[in-house]
Amino acid sequence: MTKQLLLIDGNSVAFRAFFALHSQLGKFTNKNGLHTTAIYGFNLMLDHILKEVHPDAALVAFDAGKTTFRTKMFDDYKGGRDKTPEELSEQMPYLKELIKAYGMHSYELPNYEADDIIGTLAKQGGEQGYLTTVVTGDRDLTQLASATTTVSVTHKGVTEVEHYTPEHVSEKLGITPSQIIDMKGLMGDTSDNYPGVSKVGEKTAIKLIKQFDSIENLYENLDELKPSKMKEHLIEDHDKAVLSKQLATINQEAPIEVNVDEIQYSGPQTDELIKFYQEMGFNSFLSKMGGAQTELDLSDPEIKKIKCDVLNKDNLEKVNTLKDNISFYLEMPDENYHTSTFAGFAIGDGSNWLVSRDVDLLNESPLKELLQSQTVGKNVFNAKAMQVGLNRLGIKLDKIDFDLLLVSYLLDTNDNSNDLGELAHQHDYFDVATDETVYGKGAKRAIPDDDDLFFDHIANKARAIYSLKEPLFKRLEENEQTDLYTDIELPLSSVLAHMEIEGVKVNIDSLKNMGSQLTERLSELEQTIYQEAGEEFNINSPKQLGKILFEEMKLPVIKKTKTGYSTAVDVLEKLRADAPIVDNILTYRQISKLQSTYIEGLLKVVHSDDQKIHTRYLQTLTQTGRLSSVDPNLQNIPIRLEEGRKIRHAFIPSHDNWEIFSSDYSQIELRVLAHVTGDHNLQEAFIEGQDIHASTARRIFKLEPDAEVDRNMRRQAKAVNFGIVYGISDYGLSQNIGISRKQAKQFIQTYFEEFPGVKKYIDDIVESAHKRGYVETLTHRRRYLPDINSKNFNQRSFAERTAMNTPIQGSAADIIKIAMIQMESALKKQGLKAKMLLQIHDELVFEAPEEEIPVLEKLVPKVMDSAVSLDVPLKVESAHGKTWYEAK
DNA sequence: GTATTCACG
DNA sequence: ACGTACGTGAATACC
């Protein structure tokens with residue numbers, strides 16, 4: 001066997017690991033508050049690489065300090081770099097401990113960089129018959145690739161590596177490893193801050209090196225190049241090119257004081273490693289070590305056996321032995337808990353677990369009393385589902401303490417699975433399986449007949465809820481999110497449960513009437529379109545439609561999708577003038593959307609027993625804290641176009657002589673923006689009660705404070721206001737209002753001059769997101785942004801826009817949630833019959849007896865206004881009528 | 001299951 | 001030069 005040498009670029013890998021896990025920075029700390037992202041990531045990388053390479057010798061090289069022989073050659077080498085974040089540098093001493101526990105040597109050498117140590121050792125190794133693997137995050141080290149050296153460059157995170165052999169280098173770049181320094185010499189390096197030849201980037205550099213082999217040869221044969229700007233730059237920057245090549249060249253003759261014989265590797269020192277993991281709080285690595293002894297066991301770790309008793313009518317007194325702090329789980333196999341069957345339940349207190357398939361037992365004493373008790377705390381998974389499910393059995397679940405689903409969502413909106421098992425695993429709790437492994441998936445999914453299997457699974461679920469309560473509550477506290485959970489999300493789950501259970505009444509006949517009218521119009525339009533096209537085709541198929549429009553009728557192609565021509569509205573709008581068929585297609589689309597989604601879709605979900613629609617609000621889905629609505633979605637019922645708006649005629653009160661009453665926040669997101677930015681001018685506009693879009697128009701068009709604003713200016717200003725909330729880009733704004741990018745850029749610049757507070761806020765929030773990896777709303781709702789430090793421009797830009805938008809959209813969501821909770825208790829306190837039915841992001845819809853309408857007109861706006869106190873007033877507008885349509 | 005389109009805030 | 005507006009859900013076609 002050939003001997004193996006492993007050389008790791010310590011700084012570079014630690015840096016990569018740090019930024020790869022940057023979005024998790026808040027979550028990766030040990031008990032002393034030390035950040036552990038880089039250490040954790042480095043450990044992942046080590047484990048990964050040691051699976052591939054079994055080294056006989058290993059060393060991790062570090063940079064010794066800022067000054068090296070390169071800074072002597074060029075003062076500004078690596079100048080202008082941001083200081084290493086404190087959160088990373090504090091990890092370095094511990095990283096070296098980890099390396100030591102792994103049984104590896106660390107080494108650094110004054111005046112030299114880690115690269116040079118690695119280069120020198122790789123060369124030595126090669127001479128002594130070693131095969132060398134270099135691990136780094138820096139692609140420049142690929143110059144070391146050779147017959148005996150492979151350079152593994154970490155890719156996305158730290159465990160994905162790309163192996164550079166000489167063949168791979170030439171495949172990727174078209175040049176040999178030794179020519180990389182020539183390439184770097186010509187193109188320079190912005191991160192190391194050396195210049196190269198101006199206007200020469202990677203592409204040009206490679207072209208030149210392919211032609212001339214090296215910088216030296218290039219300059220000897222410059223005559224071969226035709227006169228060009230590039231040639232002038234080459235002549236002009238000759239010295240820079242030569243210097244940059246020197247800087248890029250790794251020194252393989254560094255005066256290191258170690259040699260390969262002294263860095264022999266014989267595996268990790270288990271005891272020290274365990275101690276280290278304990279200190280760092282790396283439980284997952286610890287548990288892996290336990291498994292490492294029995295290496296052959298690749299199956300799922302055995303779930304710790306649970307002992308549970310099966311309940312029946314005759315042994316219900318067992319429930320009396322349960323103590324406070326109860327975990328309860330009701331299994332509803334269908335997603336829709338309004339209609340799902342009940343498969344069984346589990347209940348327990350941490351030591352005793354009781355299970356049954358017979359949910360009627362829940363209505364028996366003492367189980368029912370326990371569930372309805374206002375003093376015995378219950379822990380669940382999905383409080384809202386439990387409340388709705390139990391309500392169907394005639395039980396009012398009370399005193400919920402802990403909701404595993406809700407708390408997990410608040411801790412990290414990114415991993416919001418609806419499966420208890422999956423979620424538990426994410427929290428490093430493994431004594432419960434996922435539903436998929438026990439119930440199967442797709443058509444095969446079913447509750448098992450085998451009692452042992454089923455009872456164990458649901459008892460495990462109840463136990464998982466119990467076990468995760470303390471650690472997750474602790475993390476809420478660390479994130480300052482306890483109030484958000486206790487005062488907002490948990491009470492809200494009950495409010496939402498009540499709204500869902502109440503449901504909204506639908507006039508089925510009215511829907512059906514509209515449906516038949518639409519059917520008629522559709523068939524007329526269909527005939528016209530077929531005539532205009534000269535053939536029959538499926539108008540709903542973008543593929544077939546594209547063929548007709550762009551191939552047969554030869555209309556100009558405006559936009560393409562991945563799979564063919566785009567036929568989206570904005571494209572068709574532009575083709576309107578070219579052919580009458582386009583207009584008809586647009587109308588057809590609009591009508592058929594109404595027909596299929598709203599008429600047929602809604603009719604499908606009306607409950608036959610009460611002629612009502614019971615939507616489900618998803619409380620743990622969105623990344624911003626908003627709700628979403630499914631089965632059906634009642635948050636996107638048409639309103640903008642009159643034809644669609646008519647659908648709202650079908651939403652009616654559930655009693656005679658009642659009305660629909662609706663209140664919405666006016667401009668809530670812009671008001672939140674004014675509050676969080678503290679921008680004086682924006683705040684002033686709201687405090688003075690101005691038309692905000694007109695006011696913005698006066699500022700960005702530099703009009704007098706009392707000047708008239710024409711419709712077009714107001715429209716453009718409105719788009720700018722929206723743009724600011726969305727995390728503006730000149731391109732997005734230009735597309736939205738059909739102006740050039742340059743004009744859009746000018747608008748944005750003027751906006752920022754006029755609203756400097758907004759500008760500062762945006763800069764600050766983006767910077768803070770880069771640093772902390774997450775952003776927060778008014779109530780400390782948190783959203784992690786894993787891509788905020790991505791190298792990919794698109795991903796990073798998207799994350800930056802999200803960083804601006806989420807605190808705004810999310811705080812608005814916080815506010816209406818608070819209002820909803822206060823609203824429900826206000827209705828109750830005042831003894832009103834009015835019911836809150838729907839929430840549409842900034843709007844609340846109620847039904848109420850006619851005589852209560854005057855009360856609501858005062859009460860609802862009052863509660864909504866005063867939900868929070870901001871530096872600008874909130875404004876609420878109300879309307880009411882016989883149907884939702886008339887409540888406008 | 002993925003892509004496209006379109007309804008809402 | 002890159003190539004984007006923020007957050008959702010449902011219907012349909014097509015693989």
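Naming: A, B, ... by sequence-line order, numbering from 1 per chain. Quick caveat: nothing in here was measured; it's all calculated off a predicted structure. Because only heavy atoms are used, hydrogens play no part in the values below, and waters and symmetry mates are left out as well, while side chains stay in.
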[N] base / [X] side chain donor-acceptor hit below 3.5 Å:
{"X": "Arg640(A)", "N": "dG9(B)", "value": "yes"}
{"X": "Gln809(A)", "N": "dC6(C)", "value": "yes"}
{"X": "Lys543(A)", "N": "dC14(C)", "value": "no"}

Could you state the [atom1]-[atom2] distance from [X] to [N], rounded to the nearest angstrom?
{"X": "Asn636(A)", "N": "dC6(B)", "atom1": "CG", "atom2": "C1'", "result": "9 Å"}
{"X": "Ile637(A)", "N": "dA7(B)", "atom1": "CD1", "atom2": "P", "result": "13 Å"}
{"X": "Arg741(A)", "N": "dT4(C)", "atom1": "CZ", "atom2": "P", "result": "11 Å"}
{"X": "Leu545(A)", "N": "dC14(C)", "atom1": "CG", "atom2": "P", "result": "11 Å"}

- request: Using heavy atoms to find the nearest nucleotide of DNA chain C for Arg626(A) and Asp631(A) separately, return the residue whose nucleotide is more 5′.
  value: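 Counting from the 5' end, the first nearest nucleotide belongs to Arg626(A).
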
- request: Give Ala719(A) one of three labels, base, sugar-phosphate or nothing, depending on what nucleic acid heavy atoms sit under 4.0 Å from its own.
  value: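 Since a base atom lies under 4.0 Å of Ala719(A), the category is base.
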
- prompt: Which class fits the ring pair His338(A) and His614(A): parallel under 30°, tilted 30 to 60°, perpendicular over 60°?
  reply: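 Tilted.
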
message: Check the orientation of Trp884(A) and Phe651(A). Use parallel for under 30°, tilted for 30 to 60°, and perpendicular for over 60°.
response: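 Ring orientation of Trp884(A) relative to Phe651(A): perpendicular.
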
task: Begin with the C-alpha distance, continue with both residues' side-chain angles, and end with the deciding distance and a verdict on side chain to side chain contact (heavy atoms under 4.5 Å, CB included) for Tyr409(A) and Gln619(A).
output: CA-CA 9 Å; Tyr409(A) 168 72; Gln619(A) 200 184 345; 5.9 Å; no

Identified pairing partner of dA1(C), criterion: Watson-Crick or G-U wobble below 3.5 Å: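 Answer to the pairing question: none, since dA1(C) forms no Watson-Crick or G-U pair.
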
message: Between dG3(C) and dA7(B), how far apart are the two P atoms, rounded to whole Å?
response: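 Approximately 29 Å lies between the P atom of dG3(C) and that of dA7(B).
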
field: side chain to side chain donor-acceptor pair (under 3.5 Å) partner of Arg781(A), the single match among Thr413(A), Asp814(A), Thr624(A)
entry: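 Exactly one option meets the side chain to side chain donor-acceptor pair (under 3.5 Å) with Arg781(A), and it is Asp814(A).
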
